[in-house]
Amino acid sequence: MRQEAPAPRARSAVPPAPRQIAPAVPRPPAPAARQTTDIGTPAARQAAPAFNSSARKASSGSPAVHGRDRPKRPGRAAGGRSREDVGWVKAHGGSGATSLVEALGGVDVGDRWPEPARGEPYRIVLVGRTSASGLRSVSRALGALKDGKAPQGLELLAVVLVADAPGRLPIGLLRRIRVLRSVARVHRVPWIPAWRTDSPMKYIPRQLVTLSRLVGSDVYGEGARS
């Protein structure tokens with residue numbers, strides 16, 4: 001007898017379930033970079049008017065404590081800023097601005113421009129050392145102010161140059177200071193050994209007394225005399 005071939009297997013009538021594909025989750029957009037107003041690389045902003053270098057005179061008070069155990073001056077950092085305070089701006093690191101804030105009060109802004117629109121001081125003092133590099137940094141910062149590369153509404157009271165060493169300056173540095181005086185009010189602060197050792201001052205240099213009148217504050221000095 002002829003054997004019949006086996007019948008082919010019937011394929012399943014049910015199609016396989018489609019493969020589940022997870023929907024793509026969109027990534028959150030990257031946060032926008034916050035513009036900075038550093039002295040070295042100022043952010044692009046609207047053109048600001050030429051800075052006002054006129055000084056406001058105010059009476060000075062009596063000397064107070066200055067030294068290692070002195071109470072901290074009511075000068076504030078950026079967190080406790082006020083529009084009416086004087087903002088001390090560092091043209092470069094180690095300019096001496098922190099010592100001036102402790103002695104005279106105000107706001108230690110750091111190495112950037114304050115922003116009056118955010119409630120930060122609009123009256124500023126630019127601080128630098130009398131070294132060659134310090135004077136170059138001051139010159140660049142003044143150029144940025146004049147070219148409008150700083151927030152609007154800033155009023156430059158003065159440029160304060162703190163001595164980088166005791167003794168007289170070389171003639172080349174004095175010439176650079178003369179150039180700075182042609183574009184801004186320049187106030188020089190002599191070498192103060194007490195700031196280097198964080199010890200009490202024996203006397204208050206007259207330049208600090210003059211500067212205190214300029215910014216409208218007192219000078220601290222433990223047993224000091226002017």
Side-chain angles (χ1 to χ4, degrees), residues 37-42 48-58 60 75 86-114 121-150 154-196 201 203-217 219 221 226:
T37 54
D38 294 343
I39 295 296
T41 54
F51 57 85
N52 183 2
S53 59
S54 60
R56 300 183 180 182
K57 294 184 179 180
S60 62
V86 171
W88 299 84
V89 179
K90 301 176 182 179
H92 56 87
S95 64
T98 300
S99 297
L100 290 169
V101 171
E102 291 182 359
L104 302 176
V107 179
D108 190 347
V109 178
D111 57 349
R112 65 179 182 85
W113 301 117
Y122 68 92
R123 299 186 303 151
I124 61 172
V125 177
L126 181 64
V127 185
R129 291 282 180 176
T130 54
S131 62
S133 60
L135 294 177
R136 282 195 299 269
S137 297
V138 170
S139 180
R140 284 194 296 265
L142 287 176
L145 273 176
K146 187 176 181 180
D147 295 341
K149 298 178 181 178
L154 293 180
E155 177 185 345
L156 180 67
L157 297 181
V159 172
V160 175
L161 300 178
V162 182
D164 63 309
R168 297 177 61 87
L169 287 178
I171 186 65
L173 298 180
L174 290 174
R175 288 173 179 168
R176 295 188 183 188
I177 293 176
R178 193 176 301 121
V179 173
L180 295 178
R181 290 185 188 276
S182 67
V183 296
R185 177 171 184 170
V186 175
H187 187 95
R188 291 180 58 184
V189 174
W191 175 261
I192 301 179
W195 286 358
R196 188 178 191 184
M201 284 193 298
Y203 68 94
I204 300 175
R206 59 179 176 80
Q207 292 90 340
L208 276 186
V209 177
T210 304
L211 186 56
S212 71
R213 297 193 184 105
L214 175 65
V215 300
S217 68
V219 182
S226 60

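Below, each value reflects all heavy atoms present in this structure, side chains not excepted, and no hydrogens, waters or symmetry copies. In this text the structure is predicted, and so the values were computed from the model without any measurement.
- In this structure, Arg196 and Trp191 have side chains that are in contact, with non-hydrogen atoms separated by less than 4.5 Å.
- Checked by atom type and distance alone, the side chain of Ser139 never pairs as donor or acceptor with a backbone atom of Leu135 at under 3.5 Å.
- Within the 4.5 Å cutoff, no side-chain heavy atoms of Glu102 are placed close to those of Asp108.
- With rounding to the nearest 0.5 angstrom, the CD1 atom of Ile124 is 5.0 Å from the CH2 atom of Trp113.
- In this structure the side chain of Val162 reaches within 4.5 angstrom of the side chain of Val160, judged on heavy atoms.
- Residues Lys90 and Val127 have side chains not in contact (no heavy-atom distance under 4.5 Å, counting atoms from C-beta outward).
- For the atom pair CG of Leu126 and CH2 of Trp88, the computed distance is 11.0 Å after rounding to the nearest 0.5 Å.
- Residues Gly134 and His92 share a closest heavy-atom pair of CA-NE2, 3.5 Å.
- In this structure, Arg129 contributes its side chain and Gly94 its backbone to a donor-acceptor pair below 3.5 Å.
- A search for side chain to side chain contact (heavy atoms under 4.5 Å, CB included) contacts involving Arg175 returns Ile171, Arg178, not counting sequence neighbours.
- Taking NE2 of His187 as the start and CD of Gln207 as the end, the distance is 6.5 Å to the nearest 0.5 Å.
- The two residues Pro205 and Ile192 have their closest heavy-atom pair at CG-CD1, 4.0 Å.
- Residues Val215 and Leu100 have side chains not in contact (no heavy-atom distance under 4.5 Å, counting atoms from C-beta outward).
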Would you check, one step at a time, whether the test side-chain contact (heavy atoms from CB on, under 4.5 Å) holds for Arg188 with Leu169?
-> CA-CA 12 Å; Arg188 291 180 58 184; Leu169 287 178; 3.3 Å; yes
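- For the pair Leu214/Val125, no side-chain contact is recorded, criterion being any heavy-atom separation below 4.5 Å from C-beta on.
- The two atoms that bring Leu173 and Ser131 nearest to each other are CD2-C, 4.3 Å, heavy atoms only.
- Rounding to the nearest 0.5 angstrom, the gap separating the CZ atom in Arg140 from the NZ atom in Lys149 is 12.5 Å.
- Here the shortest heavy-atom pairing between Ser95 and Gly128 reads CB-CA, 3.9 Å.
- Shortest non-hydrogen contact noted between Val159 and Ala184 is CG2-CB, 4.0 Å.
- Atom CZ of residue Arg185 and atom CG of residue Leu156 lie 10.5 Å apart, to the nearest 0.5 angstrom.
- The shortest non-hydrogen separation linking Ala91 to Val138 is CB-CG2, 3.8 Å.
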